[in-house]
Amino acid sequence: MKKMKQLNKRKKPIAIDLFSGCGGLSVGLARAGFTVVAACEIDEKAAATYTSNHPNVKLYRQDVRKLRAARVLNDLCLKKGDVDLLAGCPPCQGFSRMRTKNGGAAIDDARNNLVSEFLRFVRTLRPKMLMLENVPGLRADYRLQDIVRELPKLGYEAVVEVLDAADYSVPQRRKRMILLASRIHNPVLARKANRKLTVKDAIGLLEPPAKSRDRLHSLIEHRSDRVRELIRHIPKNGGSRSDLPARFKLTCHKGFDGFADVYGRMRWGDVSPTITSGCTNPSKGRFLHPSQNRAISLREAALLQGFPRGYKFDISHGKEAISLMIGNALPPPFIEAHAKALMKGLKSAA
């Protein structure tokens, strides 16, 4: 408790991370100079991963809908207005292009309503600044529009845009919606990085999984002999299933032109495709290693998301659960860039 009483006396600005997942948002905030003091995550495996990497953060392992914002203030010995930044990414599957038929139809998904929980915390905490991140589909949704209309009434200026994380030192192509808001200055989005990082920048120096002591990197692939042979015939550095001889083409791909990236290789000199929960399965997208005859490893997926090399994932959670965590995570460099933009405004207003 004594430690909590000292929170509002720290020199570093403090932040709260709602819907924290395995911690990508918190990594980006910390790199930008914020001290993350609390977070909330309902998934047990994601929460365990978060705690192992952020042991000093008070993590609420529960449904955010049942967490009272006033309790958080009380637990941290803070008052309304003390929090410098409230940041979060409500579960976004309900707004994804796949779930909405590429944007052509609305989906009634209960997770969509979690966006309103963010606004509930804003009203109680009254943080100086806000960061809300999500898939592009949220931008046109009425729930976000409700937030955008409500923020000026609470004293916040806001900016909303859909950006590509590849422009912000993330070595992957990933379109994201981001909202920045502030009641102490006019928020601006971060400037784009001078150059894009590539797949080679991110994973080019990693040893082959068979030679690695990193258990996340060396998890064994289970592929049929047929699929292994198929992979060996896909040209290195950007080849795809369309380059395969006819005898290697899978029956399900014949006469079908969609999903051309399936069984495709990444290119060393380009950014990777969007890292998803299927990121280690070549049947889910362009997830084959540029030069080795295998899908990318979980460690490589995490690095392409911008996580530090030493970020901890418990392999006992299973490959599927870890893939889901990594695929759903926010790329730390993208968050860092925009959090730094907010930090600059915070300092200028001091």
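Only heavy atoms go into these numbers, but all of them, side chains included; no hydrogens, no water, no symmetry mates.
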Is it the case that atom [atom1] in [X] sees more than 12 heavy atoms from other parts of the structure closer than 6.0 Å?
| X | atom1 | value |
| --- | --- | --- |
| Gln145 | CD | yes |
| Gln62 | CD | yes |
| Arg31 | CZ | yes |
| Arg213 | CZ | no |
| Lys175 | NZ | no |
| Arg309 | CZ | yes |
| Lys319 | NZ | yes |

Determine, using the 4.5 Å side-chain heavy-atom cutoff (strictly less than), whether [X] and [Y] are members of one ILVMFWY cluster.
| X | Y | value |
| --- | --- | --- |
| Phe34 | Phe307 | no |
| Val115 | Ile42 | no |
| Leu18 | Val27 | no |
| Leu298 | Leu324 | no |
| Tyr263 | Val199 | no |

Provide the closest heavy-atom pair for [X] versus [Y] in the form atom of the first, atom of the second, distance.
| X | Y | value |
| --- | --- | --- |
| Gly23 | His54 | O-NE2, 3.7 Å |
| Ser297 | Glu300 | N-OE1, 2.8 Å |
| Leu189 | Ala341 | C-CB, 4.3 Å |
| Leu86 | Pro127 | CB-CG, 3.7 Å |
| Gln172 | Thr274 | OE1-CA, 3.4 Å |
| Phe287 | Thr276 | CZ-OG1, 3.6 Å |

Determine whether the side chains of Ser316 and Asp314 contain a donor N or O and an acceptor N or O closer than 3.5 Å.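 Asp314 and Ser316 do have a side-chain donor-acceptor pair below 3.5 Å.
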
Looking only at side-chain N and O atoms, does Arg265 offer a donor or acceptor that is under 3.5 Å from a partner on Asn293?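 Arg265 and Asn293 do have a side-chain donor-acceptor pair below 3.5 Å.
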
Side chain to side chain contact (heavy atoms under 4.5 Å, CB included) evaluation trace for Val170 with Arg176: CA-CA 12 Å; Val170 179; Arg176 302 298 291 183; over 6 Å; no

Nearest-0.5 Å distance, [atom1] of residue [X] to [atom2] of residue [Y]:
| X | Y | atom1 | atom2 | result |
| --- | --- | --- | --- | --- |
| Ser182 | Leu346 | OG | CG | 8.0 Å |
| Lys347 | Leu342 | NZ | CG | 12.5 Å |
| His217 | Leu303 | NE2 | CG | 9.0 Å |
| Ser20 | Tyr60 | OG | OH | 12.5 Å |
| Ile147 | Leu130 | CD1 | CG | 9.5 Å |
| Leu216 | Tyr311 | CG | OH | 12.0 Å |

Exam field: side chain [X] to backbone [Y], donor-acceptor pair closer than 3.5 Å:
| X | Y | value |
| --- | --- | --- |
| Asp82 | Lys79 | yes |
| Lys196 | Ser169 | no |
| Arg294 | Ile231 | no |
| Asp84 | Ile14 | yes |
| Asn53 | Lys312 | yes |
| Asp75 | Val72 | no |
| Glu41 | Leu59 | no |
| Thr51 | Ala48 | no |

Decide, yes or no, whether a salt bridge links Asp146 with Arg149 under the criterion of side-chain N to carboxylate O below 4.0 Å.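 A salt bridge links Asp146 with Arg149.
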
Salt bridge (Lys or Arg N to Asp or Glu O under 4.0 Å) between Arg123 and Glu150: does it pass, once the steps are laid out? CA-CA 10 Å; Arg123 291 190 179 110; Glu150 183 70 14; 3.7 Å; yes

Are Thr124 and Arg68 close enough, and set up right, to give a side chain to side chain contact (heavy atoms under 4.5 Å, CB included), and what steps lead you there? CA-CA 9 Å; Thr124 299; Arg68 293 174 53 248; over 6 Å; no

Arg299 and Ser212: side-chain hydrogen bond (donor to acceptor under 3.5 Å, both in side chains), yes or no, with the steps? CA-CA 11 Å; Arg299 177 60 71 193; Ser212 177; over 6 Å; no

Given side chain to side chain contact (heavy atoms under 4.5 Å, CB included), test Leu154 with Arg183 step by step and report yes or no. CA-CA 8 Å; Leu154 297 174; Arg183 60 179 177 81; over 6 Å; no

With a 4.5 Å limit on heavy-atom distance, are the side chains of Glu133 and Phe334 in contact?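 The answer is yes; the side chains approach within 4.5 Å.
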
Before you tell me yes or no, could you show the steps for Lys66 and Asp63 under salt bridge (Lys or Arg N to Asp or Glu O under 4.0 Å), namely the whole-Å CA-CA distance, both residues' side-chain angles and the distance that decides it to 0.1 Å? CA-CA 6 Å; Lys66 298 179 181 179; Asp63 188 332; 5.3 Å; no

Under the side chain to side chain contact (heavy atoms under 4.5 Å, CB included) rule, what do Leu197 and Val271 come out as? Steps first, then yes or no, please. CA-CA 7 Å; Leu197 297 183; Val271 297; over 6 Å; no

Salt bridge (Lys or Arg N to Asp or Glu O under 4.0 Å) assessment of Glu117 paired with Arg120: CA-CA 5 Å; Glu117 297 300 317; Arg120 175 172 66 85; 2.7 Å; yes

List the steps and the verdict of salt bridge (Lys or Arg N to Asp or Glu O under 4.0 Å) for Arg286 and Asp270. CA-CA 12 Å; Arg286 190 175 289 275; Asp270 196 2; over 6 Å; no

Look at the aromatic rings of His289 and Trp268 and report parallel, tilted or perpendicular, splitting at 30° and 60°.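 His289 and Trp268: perpendicular rings.
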
